[in-house]
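Protein chains get the first letters and strands the later ones, always in sequence-line order, with residue 1 at the start of each.
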2 protein chains.
Amino acid sequence: MDLDERKRKILQAIIRNYLETGEPVGSRTISKYTDLNLSSATIRNEMSDLEELGYIIQPHTSAGRIPSDKGYRLYVDQMMLEKEEQLNQATQEVREMQKMLLDREDKVEAVLKQMAKMLAVNTNYATMISAPQVRGNKLKFIQLSRMDARQLLTTIVVEGNVIKNDMIAVDQMLDDETLLKLNILLNTNLNGLPIEEINLAMIANLKQQAGIHAGIIADVMDAVAAVIKDNENVVIYTSGANNIFKYPELADNQRASELITTFEEKQLLNELVQDTLTDESGTGIQVYIGNETPVKTMKDCSVVTATYELEEGMKGTIGIIGPRRMDYDKVISTLKTLKNQLDTIYKKDDGENSGI
Amino acid sequence: MDLDERKRKILQAIIRNYLETGEPVGSRTISKYTDLNLSSATIRNEMSDLEELGYIIQPHTSAGRIPSDKGYRLYVDQMMLEKEEQLNQATQEVREMQKMLLDREDKVEAVLKQMAKMLAVNTNYATMISAPQVRGNKLKFIQLSRMDARQLLTTIVVEGNVIKNDMIAVDQMLDDETLLKLNILLNTNLNGLPIEEINLAMIANLKQQAGIHAGIIADVMDAVAAVIKDNENVVIYTSGANNIFKYPELADNQRASELITTFEEKQLLNELVQDTLTDESGTGIQVYIGNETPVKTMKDCSVVTATYELEEGMKGTIGIIGPRRMDYDKVISTLKTLKNQLDTIYKKDDGENSGI
DNA sequence: ATTAGCACTCCATTGCAATGAGTGCTAATA
DNA sequence: TATTAGCACTCATTGCAATGGAGTGCTAAT
């Protein structure tokens with residue numbers, strides 16, 4: 001028994017209907033719904049087969065059928081193929097966002113936040129968006145400035161224009177000349193260097209050259225180390241978590257509580273981001289159905305993600321989280337177009353807007 | 001008819017019992033619960049009076065009574081007075097936090113985040129905490145550094161050690177001397193100046209002195225303006241939003257959805273923060289019961305807040321959000337001790353850790 | 001002033017029957 | 001041989017009445 005054209009059509013009809021209603025769908029509905037002109041009895045037989053094949057599930061005897069993860073998966077894969085050929089014309093939602101992106105010259109951060117919100121409102125699903133994560137970690141610039149008698153301000157800039165500041169306490173006031181020397185020492189030795197390559201020997205060397213100011217070097221190196229650490233936990237914005245209450249299958253206390261925690265402790269979402277960034281399927285769009293997602297608390301959800309890239313190596317993830325019966329069609333095409341917008345728009349004015 | 005000692009005791013007993021069970025409490029329960037040795041009939045009469053006075057409410061005939069906002073208010077006010085006299089000894093929870101505070105020399109930001117989490121776990125309520133808001137806005141330091149041929153890095157430091165960076169695009173490479181001149185120009189004119197006092201005339205003057213580099217001055221001033229704007233929307237961390245699901249009276253879809261949105265769009269919580277910061281009652285602890293809170297979506301909650309102060313003028317708010325029947329006693333004393341810890345601990349190492 | 005006692009109210013629970021959507025199977029049909 | 005009509009059966013849902021219990025308010029007795 002294999003999945004012939006007719007079975008496929010029936011499966012699709014079941015899924016379509018279930019996406020709309022959220023209720024198990026019965027044979028009679030399909031019999032009328034489709035243009036196959038088959039009686040409900042025939043449909044029943046086919047459904048029985050589809051269930052045996054694992055594409056649909058019967059919640060209990062005498063109920064209709066609902067799609068299984070496997071069923072959804074087939075449906076989505078099929079759709080992705082069709083989409084590929086379609087002209088990728090911007091939907092209404094995307095056009096709105098496009099407008100927003102172009103209007104603003106705000107910081108990337110603000111745009112992303114706004115975008116998450118907009119997506120959430122437009123799709124009625126929860127959304128998340130990770131700020132672009134820098135991979136190349138070359139030091140670009142280090143500077144010490146005197147704030148007052150007892151404090152130095154460190155400014156560290158890493159490739160990708162990630163900037164970090166830190167205050168360093170000093171025992172005694174440094175004169176301008178010493179400060180200049182230290183700045184030159186740091187920059188000539190460290191600029192252009194990937195942070196990973198800074199080793200103990202190098203630090204020892206710097207300290208020696210700094211003489212009595214070795215302590216300051218140590219503090220600066222701590223600050224540099226903090227940059228790496230800081231980069232690891234990516235900033236993630238979420239929006240529309242409340243949307244889960246619109247879908248009864250997610251809205252019971254147990255599940256809702258778990259999901260809300262997941263959105264609040266954005267830490268958990270990080271796994272998702274990492275997963276999308278590594279495992280690239282080519283299109284940049286990924287669909288996780290039910291248990292497929294790397295985040296266990298989302299086992300009753302489906303997640304659609306898009307990976308965007310601003311400048312070389314600055315990658316981030318947009319994710320839409322909804323019930324299994326989400327409107328994959330709309331979500332996928334929205335994300336696809338949005339991703340394209342981000343990929344292209346920001347690449348043009350190279351860097352200009354990318355201070356985080 | 002006034003509120004005599006006995007009525008007061010009965011009211012207290014009703015509230016205590018309701019705090020525990022969350023169910024309307026009847027006369028028989030009180031009769032047995034208290035050491036007043038009164039029959040249920042007597043209690044009934046008293047309860048009837050209390051209801052007439054507005055301290056308790058009967059959800060429907062033949063149900064027990066639950067406290068009204070007015071009832072809670074009396075209870076809380078009374079407790080606050082008693083607390084005042086009590087030796088303010090650290091509870092178990094606070095001791096844990098104290099330890100945490102001392103162990104870490106992380107950034108304030110990280111400590112606050114952690115603290116919110118810890119409070120949420122320990123109290124089983126939702127928590128929020130606002131990062132210290134700076135009031136004095138004096139410019140302390142401005143610096144332009146050359147990143148590369150086409151980009152300048154602006155570093156702006158405001159009193160309270162709030163640091164902000166920005167990239168400025170330039171048409172052509174600036175030589176060291178010009179850069180130095182610009183830096184001196186900016187610092188001599190602006191340092192020590194409250195941001196609000198920078199006016200158009202001053203800017204015009206600066207631009208004139210900068211000559212062909214007037215454009216850069218404009219960009220820097222934009223960055224300074226952004227600092228103010230940035231300061232306005234305070235950073236607020238939340239934790240334990242999921243705790244609302246532990247209280248049936250908050251966990252129905254409608255209410256939960258609203259509350260979750262409130263926590264996610266931290267913007268709304270800002271009103272609360274502003275309210276606490278202005279209206280100081282002296283103790284630094286404030287209790288909003290039900291409709292008393294400035295945030296409408298929290299009308300079915302009670303909110304207890306504490307205002308802490310790090311350095312002079314750096315004030316923030318800690319808030320605990322739970323059901324009306326929250327354990328006011330525990331919450332208030334926890335917050336009180338915590339506030340004291342923050343007020344004192346951080347004042348010692350003046351500034352050292354306050355880079356945001 | 002307090003309390004015992006009683007009638008009354010109202011909610012929540014339970015059991016039961018009716019309903020209806022849906023299935024699986026069988027026998028008839030094209 | 002594939003399709004369909006028909007029928008018996010299952011099971012969740014709904015409505016309804018009965019029941020019990022928690023609690024009140026009132027009155028009369030202490």
Side-chain angles (χ1 to χ4, degrees), chain A residues 1-11 13-18 20-68 71 248-249 252, chain B residues 1-11 13-18 20-68 71 248-249 252:
Chain A
M1 179 176 55
D2 64 336
L3 204 62
D4 58 16
E5 184 60 20
R6 196 169 74 177
K7 283 195 172 54
R8 205 177 286 262
K9 275 196 173 173
I10 292 173
L11 177 59
I14 293 173
I15 296 182
R16 287 253 169 81
N17 193 281
Y18 184 70
E20 276 179 32
T21 65
E23 297 290 315
V25 13
S27 56
R28 222 174 100 78
T29 313
I30 299 300
S31 166
K32 284 188 292 182
Y33 196 174
T34 59
D35 50 356
L36 290 171
N37 280 322
L38 292 173
S39 76
S40 64
T42 313
I43 304 287
R44 276 203 288 285
N45 290 331
E46 294 289 52
M47 282 166 91
S48 179
D49 290 354
L50 282 171
E51 180 162 17
E52 205 175 322
L53 287 167
Y55 291 107
I56 52 180
I57 288 170
Q58 200 171 18
H60 57 83
T61 22
S62 89
R65 307 300 215 291
I66 62 175
S68 69
E249 62 265 51
D252 67 300
Chain B
M1 179 174 56
D2 64 334
L3 204 64
D4 58 15
E5 184 59 23
R6 196 169 74 175
K7 283 195 173 56
R8 205 177 286 265
K9 275 197 172 171
I10 292 174
L11 177 59
I14 293 173
I15 296 183
R16 286 254 170 79
N17 192 281
Y18 184 70
E20 276 179 30
T21 64
E23 297 289 317
V25 12
S27 55
R28 223 174 99 78
T29 314
I30 299 299
S31 165
K32 282 188 293 183
Y33 195 176
T34 60
D35 50 357
L36 290 171
N37 279 325
L38 292 174
S39 77
S40 64
T42 313
I43 303 288
R44 275 201 290 284
N45 290 330
E46 294 289 53
M47 281 167 92
S48 180
D49 290 354
L50 282 171
E51 182 162 16
E52 205 176 322
L53 288 166
Y55 291 107
I56 52 180
I57 288 170
Q58 200 171 18
H60 56 82
T61 24
S62 91
R65 308 300 213 289
I66 62 174
S68 69
E249 63 267 49
D252 68 299

Roughly how many Å is it from [atom1] in [X] to [atom2] in [N], rounded to a whole number?
X: Lys7(A); N: dA2(D); atom1: NZ; atom2: P; value: 11 Å
X: Ile57(B); N: dT24(D); atom1: CD1; atom2: P; value: 15 Å
X: Asp4(B); N: dT2(C); atom1: CG; atom2: P; value: 10 Å
X: Ile10(B); N: dT24(D); atom1: CD1; atom2: P; value: 12 Å
X: Ile30(A); N: dG22(C); atom1: CD1; atom2: C1'; value: 13 Å
X: Ile66(A); N: dT23(C); atom1: CD1; atom2: P; value: 13 Å
X: Lys32(B); N: dA22(D); atom1: NZ; atom2: P; value: 10 Å
X: Glu23(B); N: dC10(C); atom1: CD; atom2: P; value: 19 Å

Polar atoms only, N or O, under 3.5 Å: list the protein pairs with nucleotides 28-30 of chain C and their distances.
none

From [atom1] ([X]) to [atom2] ([Y]), nearest 0.5 Å:
X: Leu36(B); Y: Ile43(B); atom1: CG; atom2: CD1; result: 6.0 Å
X: Thr34(B); Y: Ile10(B); atom1: OG1; atom2: CD1; result: 7.0 Å
X: Met47(A); Y: Tyr55(A); atom1: CE; atom2: OH; result: 15.5 Å
X: Ile56(B); Y: Ile66(B); atom1: CD1; atom2: CD1; result: 10.0 Å
X: Asp2(B); Y: Asp49(B); atom1: CG; atom2: CG; result: 10.0 Å
X: Asn37(B); Y: Lys32(B); atom1: CG; atom2: NZ; result: 14.0 Å

So, Ser27(B) versus Arg44(B): side-chain donor-acceptor pair below 3.5 Å or not?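 Distance-only check passes for Ser27(B) and Arg44(B).
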When you measure from the side chain of Ser31(A) to the backbone N and O of Leu38(A), does any donor-acceptor pair fall under 3.5 Å?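 It does hold such a pair.
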Name every residue in residues 37-49 of chain A that has at least one heavy atom under 4.0 Å from any atom of DNA chain C, in order of residue number, or write none if there are no such residues.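 Nucleic-acid contacts, sorted: Arg44(A), Met47(A).
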Could you point out which residue of Glu51(B), Glu46(B), Glu52(B), Glu23(B) forms a salt bridge (charged side-chain N to carboxylate O under 4.0 Å, His left out) with Arg65(B)?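 Looking at Glu51(B), Glu46(B), Glu52(B), Glu23(B), the match for Arg65(B) under the salt bridge (charged side-chain N to carboxylate O under 4.0 Å, His left out) is Glu51(B).
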What is the minimum heavy-atom distance between Pro59(B) and Pro24(B), and which atoms define it? CG-CG, 4.1 Å
Member of Val25(A), Ile15(A), Ile57(A), Asn17(A) meeting the side-chain contact (heavy atoms from CB on, under 4.5 Å) criterion with Pro67(A):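 With Pro67(A) as partner, Val25(A), Ile15(A), Ile57(A), Asn17(A) yield a single side-chain contact (heavy atoms from CB on, under 4.5 Å), made by Ile15(A).
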What do you reckon, is NZ of Lys7(B) surrounded by more than 12 foreign heavy atoms closer than 6.0 Å?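 Counting neighbours around NZ of Lys7(B), more than 12 heavy atoms of other residues, nucleotides or ligands fall under 6.0 Å, so yes.
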Could you list the protein-to-nucleotides 8-15 of chain D atom pairs, N/O on both sides, closer than 3.5 Å?
from, atom 1, to, atom 2, distance (Å)
dT10(D), O2, Ser62(A), OG, 2.9
dC11(D), OP1, Thr61(A), OG1, 3.2
dC11(D), O4', Ser62(A), OG, 2.9

Nucleotide paired to dT30(D) in any strand shown, Watson-Crick or G-U, under 3.5 Å: dA1(C)
For dT19(C), give the paired nucleotide (Watson-Crick: N1-N3 plus N6-O4 or O6-N4; G-U: N1-O2 and O6-N3; both under 3.5 Å), or none.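 By the stated definition (distances under 3.5 Å), dA12(D) pairs with dT19(C).
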Can a side chain N or O of Arg65(B) be found less than 4.0 Å away from OP1 or OP2 on dT24(D)?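 Yes, because at least one side-chain N or O of Arg65(B) sits under 4.0 Å from OP1 or OP2 of dT24(D).
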Quick one: is dT2(C) close enough that its OP1 or OP2 comes under 4.0 Å of any side-chain N or O from Arg6(B)?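 Checking Arg6(B) against dT2(C): at least one side-chain N or O falls below 4.0 Å of OP1 or OP2.
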